[in-house]
Amino acid sequence: CFSCLFSQLVQNLIPQKKPLFRSWFQFLLLVCLLTNMFNMPPYRIHPKHRAMLNNIHKTTEPLTGKPIQYHQAFPRNYQFIMDNTEICKNTIPFLVLMVPVAPDNMEARDAIRQTWAKESMVQGEVVVTLFLLGVSGGNDVEKLKQENLQHHDLIQSNFIDSYHNLTIKTMVIMDWLATHCPTAAYAMKIDSDMFLNIDNLVIMLKQPGIPKMNYLTGLLMWNRPVIRTNSSKWYVSEEMYPEPNYPTYTLGMGYVFSNDLPEKFVEISKSVKPFNIEDAYIGMCMKKLGLAPTSPPKPSQFMSYNTRYNRCEFSQVITYILDSSKHLVEYWTDLKKPEPPCP
Ligand SMILES: *[C@@H]1O[C@H](CO)[C@@H](O)[C@H](O)[C@H]1NC(C)=O
Ligand SMILES: *[C@@H]1O[C@H](CO)[C@@H](O)[C@H](O)[C@H]1NC(C)=O
């Protein structure tokens, strides 16, 4: 506190005169102390993370205190409407599952709540599932509030929810993890149309060789060319991303990471130009950080697409893309039957 030091200095220089002047500085000192106290984050942070968090919070202009506007995907340009602040204060999750989903897609959320998000203890570890929403033009504010009152699992930020804004959504996920849940050990970004064998995921993460820091894993994509066909859903212009290939990244359907990474992603993203392919964007952030994704212990556990349900196979994988939430409940119910899944 610069003014505190200054007041002490002045007090030492002129200790004998002007008692009024002096008590004025004592008052200032008190104000400084109180301000520092109230600036402390309300959550517990591991000391090694604190320095970095403090850096991240310096995103305001020194004179006006206004937020510095970074590029569009910088998550601190947006504000949380619902943030369920208390979630990681009461427990320290082993794993947080973050599911980006459209505000009106309650069907997908309900299917997930009935299936892989149903148990809060998995293999003896605390697992939390949260849904990340932007805002839609629709009149759903009250409905979402009610849904959150019932389930306490919605995180909403005030950016416009659209397919083209998925990179913003991912970065808001990272921001929430960094600021609201830094004590969790691992996190996963997982799409809402996924089958997730949550037991197998926790078993994988508890294996002795799994890194606790700088760890990102999933279905690895190597040397993927950037799509330049402007009618494609995945089109990215040369202006947004000039190189012909993406760096190695993990496919966006479901990637798992150690929870030290979110704050590093938010910080490095200030200098990584955004583009609309969220998973490749995380790949770029990893590259900028001097890191690379790691292959999972059993790569065949991260499957992208399935054409048919096979009970034995679903009991061994971690992820599968499904074509509808209806199938999720159906497959899950079948998988959880008491008979052994494999012959
Ligand atoms: C993405 O979100 C921003 C911030 O809310 C908004 O200005 C922009 O129009 C959105 N873009 C699309 C394509 O929805
Ligand atoms: C898409 O590309 C075609 C051919 O390269 C061009 O003629 C057209 O104007 C482009 N459309 C848009 C929306 O940029």
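Counting starts at 1 for both ligands and their atoms, following the listed order.
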*Run the ring-centre check on Tyr246 versus Phe275 and record whether the distance is less than 6.0 Å.*
yes

*So which bit of Ile160 gets within less than 4.0 Å of ligand 1, heavy atoms only: side chain, backbone, both or neither?*
both

*For Phe159, the ligand 1 atoms whose distance to one of its heavy atoms is below 4.0 Å*: 5 (O)

_Lys169/Glu278 ion pair, N-O < 4.0 Å_ = no

*Which one of Asp161, Asn165, Asn77 has a non-hydrogen atom at the shortest distance from atom 11 (N) of ligand 1?*
Asn165

*For atom 3 (C) of ligand 1, the protein heavy atom that lies nearest, with its residue and separation*: Gln72 NE2, 3.5 Å

*asked:* Tell me whether Tyr78 reaches ligand 1 (any heavy atom closer than 4.0 angstrom to a ligand atom).
replied: yes

*Has ligand 1 got any nitrogen or oxygen that is less than 3.5 angstrom from a nitrogen or oxygen of Asn158?*
no

_Only heavy atoms of His164, strictly under 4.0 Å: list the atoms of ligand 1 that pass._
13 (C)

*Pair Asp153 + Arg113, salt bridge at N-O below 4.0 Å*: yes

Counting only pairs under 3.5 Å, give me each side-chain donor-acceptor contact of residues 326-336, with atom names and distances, residues two or more places apart or in other chains.
from: His327; atom 1: ND1; to: Asp323; atom 2: OD1; distance (Å): 2.9
from: Thr333; atom 1: OG1; to: Val329; atom 2: O; distance (Å): 2.5
from: Asp334; atom 1: OD1; to: Lys337; atom 2: NZ; distance (Å): 2.8
from: Asp334; atom 1: OD2; to: Tyr309; atom 2: OH; distance (Å): 2.7

Pair up each side-chain donor or acceptor in residues 210-226 with any protein partner under 3.5 Å, not counting sequence neighbours, and list the distances.
from: Asn214; atom 1: OD1; to: Lys264; atom 2: NZ; distance (Å): 2.8
from: Thr217; atom 1: OG1; to: Thr294; atom 2: O; distance (Å): 2.7

*Decide yes or no for Phe74 and Val266: does some side-chain heavy atom of the first lie under 4.5 Å from some side-chain heavy atom of the second?*
yes

